[in-house]
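Chain naming here is simple, since letters A, B, ... match the order of the sequence lines and numbering starts at 1 in each. Computation of the quantities below employed the complete heavy-atom set of this structure, encompassing side-chain atoms and omitting hydrogens, waters and symmetry-equivalent molecules.
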Amino acid sequence: MDILQEIGASLRKGDDNRVAELTRQAIDAGMGVGAILDDGLIGGMNVVGDLFRRHEIFLPEVLLAARAMQKGIDLLKPLMIEEGIPAVGKVVIGTAQGDLHDIGKNLVGIMLKGAGIEVIDLGNDVSAERFVDTAVEAGAPVIGISALLTTTMSSMKGVVDLLRERGLNGKIRTIIGGAPVSKDFADEIGADAYGYDAANAVDQVKALLGVA
Amino acid sequence: MSGAVHFPSSAAIPSRRTVLSAQGIPGDAAVPLRVAELVDEAFEIYADLVDPAGIRADVSIADFAVIYRGEGRNAPRTPLEAIFPDARRLTLFAVTVGEAVCGEILRRFSDGDPALGYALDTIASAGAEGLAGAMARDHQECLARSGTMASGMRVLPYSPGYCGWHVSGQGKLFEVLRPEEIGISLNESCLMQPLKSVSGVLVAADREVHQFDIDFDFCADCADQGCRERIQSVLDDTIGGQ
């Protein structure tokens, strides 16, 4: 097994110390940052994501893998900046205004980062204005909104409506998700995509970013 | 029956089974070793930091009607609007597991340890729900001791944000309850700080009053359907949280 495959295997086990050790070894061996990132860390997380999609591992195991990936990324980050390696894409995420249930949004954020996507996490209880303003300022082409409560789902529509008002629909796309949200609801409010779980949200965001 | 209620830490510590279930691990599944270690570590941190507190305040049916109406944003038809007029006693309440736990969850997520952040989050969420249940049990016992709890009566908690009671209703609820005394405040969107807090009304009513058909407009969108368990808990003579 080569070192990059070993990084992937260690990610799968959630062995963060081993991932850090192997990433260091790969850097010292002169492997390219892009290769370590794409074929080692992101490749490993893709496998973890697939296992989760197939219900072969549990969510905490995905998060342990994400923690291990972060250890590797921490070592690569200075080199990525030095070499000007861009993220796959950029997404603004947050929970709908009035909703404080952010664990689903956090999981999506972690899995998006695992896919090499830059995530601007606005936290919970985010107003439509803040979603849109942040996306415009950061140049993020996708906004992801999560809600757990049926009573806060309506806030999602506010974001879609505000994008329309400002003539940004089509330029900034929206994806929504959360326990009470459905594809029908996404269609009804004019959202561009609906993620039925964290793994599917990553697929949908990739499609919106054109990197699927 | 009003004022602060003191709970031991154990009242806010959920069972390991509840937490694993909240993490999507079924009861009959083998827990991977690293996950088991993670959950153990999270429980240790949580037990060190949890600082449970509660407060309650009796309220008349007429006064609660005003609180429940809130800013007028409730669903057109809700279960609670049919339940509370038939209550024998209504008591506003709020409970929290404390700011320290919530701060630690945020810190873990922002420090790149989502695994431990998530484990702590699930423990704290289950802990807060458990604390709401403990408050309801304590209230029921207090009513029984004071002789105002007839047999056949049950106490159940109902919370803003659920079953058509709009979360903005917390504004009026807080004006009366004043849970700032135990460290809970509301932000501009009427959300509680610390996050792992539960507020609502304890409804002491005859058992059948708590039962309703699950046929409201919002039920179709509700993935939780925790009301089924609550209704069942009334039939089974236990107390469930919302």
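Contact of A75(B) with chain A is not made at all, since no heavy-atom distance falls under 4.5 Å. Heavy atoms closer than 4.5 Å to chain B are found in the side chain of I110(A), but not in its backbone. Looking at I73(A), there are no atoms closer than 4.5 Å to chain B (heavy atoms on both sides), in backbone or side chain. In this structure, no portion of M69(A) lies under 4.5 Å from any heavy atom of chain B. Both the backbone and the side chain of I25(B) come within contact range of chain A, each with at least one heavy atom under 4.5 Å from a heavy atom of that chain. Only the side chain of P32(B) comes within contact range of chain A, with heavy atoms under 4.5 Å apart. With a threshold of 4.5 angstrom between heavy atoms, F218(B) approaches chain A through its backbone and through its side chain.
For the pair F58(A) and A29(B), the tightest heavy-atom approach, listed with the atom from each and the gap, is CZ-CB, 3.7 Å. P60(A) approaches L38(B) most closely through the heavy-atom pair CB-CD2, 4.4 Å.
Partners of A138(A) by side chain to side chain contact (heavy atoms under 4.5 Å, CB included), not counting sequence neighbours, listed by chain and number: K90(A), I120(A). V136(A) pairs by the side chain to side chain contact (heavy atoms under 4.5 Å, CB included) definition with V132(A), L168(A), I172(A), not counting sequence neighbours. Remark: A42(B) pairs with L116(B), A119(B), L120(B), I123(B) by the side chain to side chain contact (heavy atoms under 4.5 Å, CB included) rule, at least two apart or across chains.
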Using atom types as modelled and no hydrogens or angles, find all donor-acceptor pairs between chain A and chain B shorter than 3.5 Å.
| residue | atom | partner | partner atom | Å |
| --- | --- | --- | --- | --- |
| K13(A) | O | R34(B) | NE | 2.9 |
| R67(A) | NH1 | D113(B) | OD1 | 3.0 |
| R67(A) | NH1 | D113(B) | OD2 | 3.1 |
| D125(A) | OD1 | S189(B) | OG | 2.6 |
| D125(A) | OD2 | N187(B) | ND2 | 3.1 |
| D125(A) | OD2 | S189(B) | OG | 2.9 |
| T151(A) | O | H166(B) | NE2 | 3.4 |
| T151(A) | OG1 | G161(B) | O | 3.3 |

